[in-house]
Each structure stands twice: as structure tokens, then as C-alpha cells.
Amino acid sequence: TPVPCPQPKFKKQGKESLQLTMEPTIDILAAMSSNKTHKQKIIGFAAEAQDLESNALNKLKNKQLDIIVANQVLKEKTPFGSEDNQVFVFDRHGRQEHWPGSSKQSIAWSLLDWIQRL
């Protein structure tokens with residue numbers, strides 16, 4: 001049996017443009033942080049086009065993260081679709097490091113070391 005559609009399909013004939021109304025979702029990272037136990041660690045990731053350090057540090061604080069891994073996303077050099085990356089890592093104790101030009105696998109292993117030292 002066919003599943004009823006809650007609203008009819010809209011037709012685009014004769015329309016110059018379409019307008020969508022979107023609703024925000026819950027902030028999963030903040031929700032996880034507010035419900036974590038003392039044994040859990042919450043790690044966030046930030047892809048930033050500008051103000052990488054200040055945006056990452058704000059996210060670390062505001063979302064009550066243990067660690068944030070941030071990378072610069074620039075038009076000429078993006079981490080997406082690449083085997084390598086460079087990241088900045090910050091933790092809740094004030095530790096900061098820059099890991100330039102590493103494989104994503106190497107970054108993952110280094111991150112695991114950081115998590116274990118928290």
C-alpha cells in the first residue's frame with residue numbers, strides 16, 4: 001500500500017525561484033557534553049575558514065569539550081578529500097599544539113595519545 005504524503009508535491013513550472021524554510025537541529029555535541037559521565041571524554045572537531053584559534057577555543061569552552069581538533073579550510077588548500085592534513089589541537093587544561101603536514105592516520109594516533117593523557 002502506498003505511504004500517504006503529508007503535503008502534496010509542489011510543482012516548479014513557471015516559478016523563478018524556490019524558497020525553503022529550515023529548522024535548526026539540536027546541538028549534538030553540546031548535548032553530549034552536558035550528559036557525560038566523569039569517565040567520558042568529549043572531542044570536538046572544527047573546520048574554520050577564519051579566526052581558527054579563537055573560534056576553536058570558543059567552541060571548546062562553550063560546548064564544554066575535553067579536546068578540540070581544528071583545521072583551517074581554505075579554498076586553495078582543504079583537508080577534504082586529501083590523505084594529509086594539518087591541525088591545531090587544544091584541550092580543557094590549556095594545552096595547545098600544531099600538527100603540520102601529517103597523514104590523517106598519524107593525526108588520529110597522536111589524538112589518541114592526547115585523549116589518554118587527559
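In this text the structure is predicted, and so the values were computed from the model without any measurement.
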Enquirer: State, to 0.1 Å, how close Ser33 and Ile42 come at their nearest heavy-atom pair, and which atoms those are.
Expert: OG-CG2, 3.5 Å
Enquirer: Could you identify which residues cluster with Trp109, counting Ile, Leu, Val, Met, Phe, Trp and Tyr as linked when any side-chain heavy atoms lie under 4.5 Å apart, either directly or through a chain of such contacts?
Expert: Leu112
Enquirer: Do Leu29 and Ile67 sit in the same hydrophobic cluster, where Ile, Leu, Val, Met, Phe, Trp and Tyr count as joined when their side-chain heavy atoms come under 4.5 Å apart?
Expert: no
Enquirer: Scan residues 35-46 for pairs that pass side chain to side chain donor-acceptor pair (under 3.5 Å), counting only residues two or more places apart or in two chains.
Expert: Lys36-Asp66
Enquirer: Kindly give the heavy-atom pair with the smallest separation between Ser102 and Ile107, and that separation in Å.
Expert: CB-CG1, 3.7 Å
Enquirer: Do the ring planes of Trp114 and Trp99 sit parallel (below 30°), tilted (30 to 60°) or perpendicular (above 60°)?
Expert: perpendicular
Enquirer: Pair Gln96, Glu53 - check side-chain contact (heavy atoms from CB on, under 4.5 Å), show working.
Expert: CA-CA 10 Å; Gln96 301 181 22; Glu53 186 173 340; 3.6 Å; yes
Enquirer: So if you build clusters from Ile, Leu, Val, Met, Phe, Trp, Tyr with side-chain heavy-atom gaps below 4.5 Å, do Leu52 and Val87 land together?
Expert: no
Enquirer: Looking only at atom types and distance, does a side-chain atom of Glu97 sit under 3.5 Å from a main-chain N or O of Phe90, one as donor and one as acceptor?
Expert: no
Enquirer: Report whether Leu60 and Val73 are members of the same hydrophobic cluster (ILVMFWY, side-chain heavy atoms less than 4.5 Å apart, transitive linking).
Expert: no
Enquirer: Can you name the residues that form a salt bridge (Lys or Arg N to Asp or Glu O under 4.0 Å) with Asp91, not counting sequence neighbours?
Expert: Arg95
Enquirer: Checking Gln116 against Asp113 for the side-chain contact (heavy atoms from CB on, under 4.5 Å) test, could you report, in this order, the C-alpha distance in whole Å, the side-chain angles of both residues, the deciding distance, and whether it holds?
Expert: CA-CA 5 Å; Gln116 291 174 338; Asp113 289 341; 4.1 Å; yes
Enquirer: Output the distance between atom CD (Glu48) and atom OG (Ser54), rounded to the nearest 0.5 Å.
Expert: 8.0 Å
Enquirer: According to a 4.5 Å side-chain heavy-atom criterion applied to Ile, Leu, Val, Met, Phe, Trp and Tyr, with indirect links allowed, do Ile115 and Val89 form part of one hydrophobic cluster?
Expert: yes
Enquirer: Which residues pass the side chain to side chain donor-acceptor pair (under 3.5 Å) test with Asn62, not counting sequence neighbours?
Expert: none
Enquirer: Not counting sequence neighbours, which residues clear side chain to side chain donor-acceptor pair (under 3.5 Å) with His93? List them please.
Expert: none
Enquirer: Would Ile68 and Phe45 show up in the same hydrophobic cluster when neighbours are defined by side-chain heavy atoms closer than 4.5 Å?
Expert: no
Enquirer: Counting N and O atoms only, with roles assigned by atom type, does the side chain of Ser106 sit under 3.5 Å from a partner on the main chain of Lys104, one being a donor and the other an acceptor?
Expert: no
Enquirer: Suppose we screen for salt bridge (Lys or Arg N to Asp or Glu O under 4.0 Å). Which residues come up paired with Lys63, at least two apart in sequence or across chains?
Expert: Asp27
Enquirer: Could you pull out the closest heavy-atom pair between Gln50 and Gln72, with the gap in Å?
Expert: N-NE2, 3.7 Å
